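Model, not experiment: these values are computed from the prediction. Just the heavy atoms: all of them, side chains too, but no hydrogens, waters or symmetry mates, feed the values below.
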Amino acid sequence: AARRGALAVASPAPEDVFEESWSLDTIGNAYMLRVMHTDVAGWRRLIVVNNEFHMPRTRIIFEKVFGLPPAPARGGPYVLEFVEVPDMGVEP
């Protein structure tokens, strides 16, 4: 529910929202999103939504994975935006 609230603030169209759910951890999320989706579909602008507690780790991992070669062949480099949602239900 908190993620949906953050997405409402960012205002993407429903068909532009993708939730990577194959992976079991953050590194897997970033890797699978890049190799199975963004590189294939040509997506360059991504909004990554996560809770405040986990966002520093998420940011580091996504910036690393999406900064690795090869660079996108078309459309320029990746543009990552990070949106934090409250830590409701998360215990540090």
Side-chain angles (χ1 to χ4, degrees):
R3 280 193 295 197
R4 299 249 182 251
L7 290 176
V9 170
S11 300
E15 62 271 12
D16 292 337
V17 175
F18 179 81
E19 183 176 355
E20 194 287 311
S21 58
W22 295 352
S23 322
L24 300 176
D25 59 23
T26 309
I27 295 171
N29 286 139
Y31 177 79
M32 293 300 286
L33 183 63
R34 178 162 179 190
V35 301
M36 298 296 292
H37 303 289
T38 58
D39 287 355
V40 174
W43 300 339
R44 295 297 170 256
R45 183 172 182 268
L46 306 172
I47 300 172
V48 180
V49 180
N50 208 335
N51 62 14
E52 293 170 302
F53 174 77
H54 197 62
M55 187 56 81
R57 173 184 164 79
T58 300
R59 179 183 296 269
I60 291 167
I61 290 170
F62 271 75
E63 287 176 346
K64 179 65 174 179
V65 168
F66 281 87
L68 293 170
R74 55 193 156 100
Y78 292 105
V79 176
L80 303 177
E81 180 181 341
F82 297 90
V83 175
E84 292 181 349
V85 296
D87 289 332
M88 294 185 301
V90 175
E91 294 184 30

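Remark: the backbone N or O of S23 is not paired with any side-chain donor or acceptor of N29 at under 3.5 angstrom.
The 12-atom threshold is exceeded at CG of L68, counting heavy atoms of other residues, nucleotides or ligands nearer than 6.0 Å.
With sequence neighbours left out, the salt bridge (charged side-chain N to carboxylate O under 4.0 Å, His left out) criterion links R44 to no other residue. Residues passing the side-chain hydrogen bond (donor to acceptor under 3.5 Å, both in side chains) test with T38, sequence neighbours excluded: none.
Note: the hydrophobic cluster containing I27 also contains L33 (ILVMFWY, side chain heavy atoms under 4.5 Å, direct or indirect links).
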Residues 53-65, side-chain donor-acceptor partners within the protein, below 3.5 Å, at least two apart:
{"unit_1": "H54", "atom_1": "NE2", "unit_2": "T26", "atom_2": "OG1", "d": "2.6"}
{"unit_1": "T58", "atom_1": "OG1", "unit_2": "N50", "atom_2": "ND2", "d": "2.8"}
{"unit_1": "T58", "atom_1": "OG1", "unit_2": "H54", "atom_2": "O", "d": "3.0"}

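The other residues sharing a hydrophobic cluster with V35 are W22, Y31, M32, M36, where clustering joins ILVMFWY side chains under 4.5 Å apart.
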